[in-house]
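Data block below; observations after.
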2 protein chains.
Amino acid sequence: MPNASSTPDAAPASPRAATLHDVARSAGVSLITASRALGNPDLVSEKTIAKVRQAVEATGYIPNLLAGGLKSRRSMTVAALVPAISVAQFLPTVQTLTETLAAAGYQLILGQSGYDHAREEALVNTLASRRPDGIVFAGLVHSPKAREQLRRLGTPVVEIWDLSERPVDMMVGFSHLKVGAAVAGYFLAKGWQQVGIATGDDQRASVRREGFLSVIGREVPTVVVPAPSSLALGRRALGELLQKSPGVRAIYCSSDQLAQGVLTEAAVRGLRVPQDLAVCGFGDADFAAHMAPSLTTVQVDGPAIGRQAAELLLARCRGETPAQPVIDVGFCIVERESTGGA
Amino acid sequence: MPNASSTPDAAPASPRAATLHDVARSAGVSLITASRALGNPDLVSEKTIAKVRQAVEATGYIPNLLAGGLKSRRSMTVAALVPAISVAQFLPTVQTLTETLAAAGYQLILGQSGYDHAREEALVNTLASRRPDGIVFAGLVHSPKAREQLRRLGTPVVEIWDLSERPVDMMVGFSHLKVGAAVAGYFLAKGWQQVGIATGDDQRASVRREGFLSVIGREVPTVVVPAPSSLALGRRALGELLQKSPGVRAIYCSSDQLAQGVLTEAAVRGLRVPQDLAVCGFGDADFAAHMAPSLTTVQVDGPAIGRQAAELLLARCRGETPAQPVIDVGFCIVERESTGGA
DNA sequence: CTGTTAGCGCATTCAC
DNA sequence: GTGAATGCGCTAACAG
């Protein structure tokens, strides 16, 4: 053991972090020249830049973006609000969002909104106090007061993973109503009349259910489970659905996690998929294509949503006005073994 | 359609956001009194507070934490670095971390480190430029230069999900070496000699493998798959493992996702679990307990890691010196059906 | 190409 | 209890 665990090796510890002032002095130039050498190199001679670079090394200078942002009014941050970080659904989107923004020098501030509309207002305030250059909202902003606040801020806002007639500002998503309708149409085309639904109790899942019902044309046996949905809840849901409707032939699940649970429970009960029971999920999670049987599901391009949301924001930050402030990324049904596909 | 999609309803749009100055004027008090009424109400009379509160409402004032932090040297942010947001492993930890910090008024800034040690340095710089009040690092900081930089910053740092003899500052984690050893011991106790490993190619998984080997006392057939691991990779891994070692009796997987794939592939091949093949995962993901057969796995208390990391940081921010800067949260093997458990 | 001057919005000294 | 001055670290205007 080369070192006691509580005593880190030599740590000179900064009495005070170096400022741009220190760099300028060390380089023998003025403060603003140092600033430009780092931020606007085009305006400074090669030689000066080299001197400043050296001074940065020597002093161990790390810029203070808080101070810079105060004057320039650009914090170089974007705030993102998701219902909960552990909702797997949004992960690829958040990942791509983070990467695309990072490539442009922007950092993500993460907030959890819960599924509680009442908290939206407080959250908007909390985030706004960081003066982000953009705000990404997973889902629609429902609270009228929050919507009003967001507009007053003048900060670019992108609502994602949904569409509506009244965006706060910009939008990248798809129609959940159409998703439900499409799945119902797909079931009917297969000739399955005895259909059922296993759904999480969140807003968007409910809209998908509505779309489903609108095509079926009547109520259908439904089991609602609390968010976040999971394999365990899917197993329970199938059990309850079979009680309500023993002859159910095809089930639409509001997430692939639920669908995975339904398939698991079906296997345990000796139901053959798709001969006895067909199942369709939502989200095309990474496991969907590789389960046995593989899972038919609604595929949404999560990374594309993240990338396009980032690009809309970045365009706005550059002062541009995007031609298309509302983008429908669409969706498609990927047919696999759980509904008799390849 | 009550409103064209590109024309949001009435938006007065702020010419400039209200500042504390505006609030003070509107309330008929001085700037500093307004500041205190909001931040240190104890120092101000009830009546004044009421006036200021009203002025805040009237002006729509939202504090600018960037400006406040510049002077007070507290940004009220914590930076968190994870290899990738989509690594399910860290999600419960990040979630709890976010919540615990939010409850104390701190916001999380999220960064992705990738699995690339070379990038650590650049990342530390990027983060440090936001002047966070604390930094959470998923995994150990390996690059010596990054370690040195972190120390110089003087910012509290917590390395999580691992333990070592030489923390940069504080630590909350467990021994991956011991995890591997424990699983190997468990397999041997069951009498399984023909063992194999399916592992992701990340640092911590490799250490667990080392621990496993140290107890087994010899090399064992191993399949390494690229991170991030998934069900699909688990299926492939079992195929390859069966080629290398047709008689393999028990497999240790570096994640539950991989294990799920191994179980799927085993079912497809008609292998009975646990009679023909036993499987142990790592992480106790939410699905592990509910699969059929249920998955034996190594359970780690992810939320506890997040909570304790947050508390260490918050204590430091209050100026306290935690008695225990290195916390071992331990782990345990949860025996389920995939190894013959209940 | 470089420098001087003035703040960004707030909180920390001090005074009263 | 309240207030006036001062500056956190940096950058946007203008000048030279």
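Note on naming: letters A, B, ... go to the chains in the order of the sequence lines (proteins, then strands), and numbering restarts at 1 for each one.
- Using a 4.0 Å cut-off between charged nitrogen and carboxylate oxygen, A:Arg53 and A:Glu57 do not count as a salt-bridge pair.
- Of the inter-residue distances, the one linking B:Thr77 atom OG1 with B:Leu66 atom CG reads 9.0 Å to the nearest 0.5 angstrom.
- For the side-chain hydrogen bond (donor to acceptor under 3.5 Å, both in side chains) with B:Arg316, the lone residue among B:Asp169, B:Asp133, B:Thr321 that qualifies is B:Asp169.
- Under the 3.5 Å distance criterion, with hydrogens and angles disregarded, no donor-acceptor pair is assigned to the side chains of A:Glu121 and A:Gln149.
- In this structure, B:Pro132 and B:Val78 have side chains that are not in contact, with every pair of non-hydrogen atoms separated by 4.5 Å or more.
- Applying the side-chain hydrogen bond (donor to acceptor under 3.5 Å, both in side chains) rule to B:Glu46 yields no partners; only residues at least two apart in sequence or on another chain are considered.
- From A:Asn40, atom CG reaches atom OG of A:Ser35 across 7.5 Å, with rounding to the nearest 0.5 Å.
- Of all nucleotides in DNA chain D, those with any atom nearer than 4.0 Å to a heavy atom of chain B start and finish, going 5' to 3', at D:dG1 to D:dG9.
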Exercise. Go along nucleotides 7-16 of chain C 5' to 3' and tag each nucleotide: B for a protein heavy atom under 4.0 Å from its base, S when only backbone or sugar atoms are that close, - otherwise.
Key: BBBSBB----

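- Looking at A:Gln107 and A:Leu65, their side chains never come closer than 4.5 Å, going by heavy atoms from C-beta outward.
- The shortest distance between the side-chain N/O atoms of A:Thr48 and the OP1/OP2 oxygens of C:dT2 is below 4.0 Å.
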